[in-house]
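Scroll down for the structure; my scribbles are underneath it.
Along the sequence shown, the residues carry numbers beginning at 1.
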Amino acid sequence: VQLQACGGGLVQAGGSLRLSCAASGGDFSRYNMGWFRQAPGKEREVVGTIYWSAGITYYVDSVKGRFTISRDKAKNTVYLQMNRLKPEDTAVYYCATGARPLFQSSRFALYWGEGTLVTVSS
């Protein structure tokens with residue numbers, strides 16, 4: 001299984017970015033995909049998750065109403081649309097997948113993609 005995340009960059013506060021995570025090499029129909037982030041000097045935290053099959057999503061409170069996770073089954077790709085970005089959203093963003101609910105714990109992730117850096121300037 002491989003996860004390829006991309007789409008990070010530098011954006012001004014209030015701007016938008018869309019991250020993508022392309023998955024390959026497995027059957028993800030029973031899995032959920034999670035977006036996590038790790039800011040400098042901080043622990044990695046969950047941003048949100050989506051179940052491949054049902055499309056059910058969960059978000060951490062700090063991004064609710066600003067971030068949206070979606071998936072394209074045909075492309076085996078999950079997206080993280082980030083709007084109204086804030087400087088505190090600056091972090092390396094990772095995608096991960098696993099069968100157990102990633103929103104409960106990142107330790108449930110079986111596979112991780114490489115991170116993509118998001119920098120939000122004030």
Hey, mind stepping through Asp89 and Arg66 against side-chain contact (heavy atoms from CB on, under 4.5 Å) and telling me if it holds?
CA-CA 11 Å; Asp89 295 318; Arg66 300 189 298 123; 2.7 Å; yes

Could you tell me whether the side chain of Val1 reaches within less than 4.5 Å of the side chain of Phe28, counting heavy atoms only?
yes

Any side-chain heavy atom of Met33 within less than 4.5 Å of one from Leu3?
yes

Look up atom [atom1] in [X] and atom [atom2] in [Y], then write down how far apart they are to the nearest 0.5 Å.
X     : Y      : atom1 : atom2 : value
Thr77 : Leu19  : OG1   : CG    : 12.5 Å
Lys86 : Ser122 : NZ    : OG    : 14.0 Å
Ile69 : Tyr79  : CD1   : OH    : 13.5 Å
Tyr31 : Tyr111 : OH    : OH    : 5.0 Å
Met82 : Arg18  : CE    : CZ    : 11.0 Å
Tyr59 : Thr68  : OH    : OG1   : 4.5 Å

Closest approach of [X] and [Y], non-hydrogen atoms and distance?
X     : Y     : value
Gly15 : Val11 : CA-CG2, 3.8 Å
Thr90 : Pro40 : O-CD, 4.4 Å
Asn76 : Trp52 : C-CH2, 3.5 Å

If we ignore hydrogens and angles and just use 3.5 Å, is the side chain of Arg71 paired with the main-chain N or O of Ser53 as donor and acceptor?
yes

Sidechain-backbone polar pair: Arg100 side chain, Ser105 backbone, donor-acceptor under 3.5 Å
no

Linking I/L/V/M/F/W/Y whenever any side-chain heavy atoms sit under 4.5 Å apart, do Leu10 and Phe67 land together?
no

Verify the neighbour count for atom CD of Gln2: are there more than 12 heavy atoms of other residues, nucleotides or ligands below 6.0 Å?
no

Greater than 12 external heavy atoms within 6.0 Å of Gln4's CD
no

Applying side-chain contact (heavy atoms from CB on, under 4.5 Å), run through Gln81 and Ser70 and close with a yes or a no.
CA-CA 8 Å; Gln81 177 67 44; Ser70 61; over 6 Å; no

Could you work out the complete set of other residues in the hydrophobic cluster of Phe103, with links drawn between I, L, V, M, F, W and Y side chains under 4.5 Å apart?
Phe36, Val46, Tyr51, Ile56, Tyr58, Val92, Tyr94, Leu102, Phe108, Trp112, Leu117

